[in-house]
Q: 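Here it is, the structure in full.
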Amino acid sequence: MSDNRREFFRVSFVRAISGKVAIPEQEEVLVDIFNLSAGGLVFTASLDFALHEKVLCNFDLLGEEFLLEGRIVRKQEKDPYFEYGVQFAIDQLTSSKLFQQLNTYQIRKRRSMLND
């Protein structure tokens with residue numbers, strides 16, 4: 001039996017997608033997003049954010065722009081950068097919209113693998 005404790009299905013990207021992360025009231029930093037769910041994301045950045053820091057995550061998924069609040073819940077140093085796990089604090093409507101985009105992305109990803 002799987003030990004998957006995640007509440008939402010997670011999409012891993014074939015190539016990381018670009019995004020921006022900022023501490024509220026501060027300048028955005030460019031990041032690479034490696035996987036995403038309706039509950040959070042994993043990104044890498046050269047900037048050293050504090051664990052439990054509130055962040056604003058900005059990214060585009062299939063032409064839809066998202067600006068989501070979250071909190072850093074995991075941090076791992078991977079010289080010369082850091083890998084972070086963010087848990088979103090979002091409303092039901094935004095969560096549903098993100099879930100729908102992730103589902104569409106996953107379907108397109110599977111179809112393209114079948115056509116290769």
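Note that the structure is predicted; figures quoted are calculated from it, not measured.
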Q: Any donor-acceptor pair under 3.5 Å linking the side chain of Ser96 with the backbone of Gln92?
A: yes
Q: Using the side-chain contact (heavy atoms from CB on, under 4.5 Å) rule, take Leu67 and Cys57 through it: C-alpha gap first, then chi angles, then the decisive distance, then the call.
A: CA-CA 6 Å; Leu67 179 60; Cys57 303; over 6 Å; no
Q: Would you indicate whether the side-chain heavy atoms of Glu77 and Asp48 approach each other to under 4.5 Å?
A: no
Q: How about Phe88 and Leu98: do any of their side-chain heavy atoms sit closer than 4.5 Å?
A: yes
Q: For Asp32 and Ala16, which heavy atoms make the closest approach, and how far apart are they?
A: CB-CB, 3.9 Å
Q: Give me the atom names and distance for the closest heavy-atom approach of Val86 to Gly70.
A: CG1-CA, 3.9 Å
Q: Transitively linked via ILVMFWY side-chain contacts under 4.5 Å: Tyr81 with Ile17?
A: no
Q: Step by step, would you call Thr44 with Lys78 a side-chain contact (heavy atoms from CB on, under 4.5 Å)?
A: CA-CA 9 Å; Thr44 60; Lys78 294 191 171 190; 6.0 Å; no
Q: Could you grab the distance from atom CG of Leu102 to atom OG of Ser95, nearest 0.5 Å is fine?
A: 9.5 Å
Q: For Glu64, does the CD atom sit with more than 12 other heavy atoms under 6.0 Å from it, leaving out its own atoms?
A: yes
Q: Do the side chains of Gln87 and Arg74 get nearer than 4.5 Å, heavy atoms only?
A: no
Q: Do Tyr84 and Val21 come close enough that some side-chain heavy atom pair is under 4.5 Å?
A: no
Q: In a check of ring-ring contact (aromatic ring centres under 6.0 Å, His included) between Phe13 and each of Phe34, Tyr105, Phe59, which one passes?
A: Tyr105
Q: Taking all non-hydrogen atoms of both residues, which atom of Ile33 and which atom of Gly19 are closest, and how far apart?
A: CD1-CA, 4.1 Å
Q: Do Glu53 and Ile23 have side-chain heavy atoms sitting under 4.5 Å apart?
A: yes
Q: So how far is it from Thr104 OG1 to Leu61 CG, rounded to the nearest 0.5 Å?
A: 8.5 Å
Q: CG of Asn103 to CZ of Arg108: how many Å apart, nearest 0.5 Å?
A: 11.5 Å
Q: Which atom pair, heavy atoms only, marks the closest approach of Arg10 to Asn35?
A: NH1-OD1, 2.6 Å
Q: Indicate the ring-plane relationship of Phe43 and Phe49, choosing parallel, tilted or perpendicular according to the 30° and 60° boundaries.
A: perpendicular
Q: For the residue pair Glu27 and Ala22, what are the closest heavy atoms and their distance?
A: O-CB, 3.9 Å
Q: Leu30 versus Lys20: any side-chain heavy-atom pair under 4.5 Å?
A: yes
Q: Would a 4.5 Å heavy-atom cut-off, applied to side chains only, mark Val11 and Ser37 as touching?
A: no
Q: Verify the cluster assignment for Phe82 and Leu51: are they in a single hydrophobic cluster under the rule of side-chain heavy atoms below 4.5 Å apart?
A: yes
Q: Using modelled atom types and a 3.5 Å cut-off, is there a donor and acceptor pairing between side-chain atoms of Lys109 and backbone atoms of Ser12?
A: yes
Q: May I ask you to say whether Glu69 pairs ionically with Lys54, meaning some side-chain N is under 4.0 Å from a carboxylate O?
A: no
Q: State, to 0.1 Å, how close Glu65 and Asp60 come at their nearest heavy-atom pair, and which atoms those are.
A: N-OD2, 4.1 Å
Q: Applying the 4.5 Å side-chain criterion to the ILVMFWY set and letting contacts propagate, would Leu36 and Leu93 be lumped into a single cluster?
A: no
Q: Hey, does Gln101 have a side-chain heavy atom less than 4.5 Å from the side chain of Phe66?
A: yes
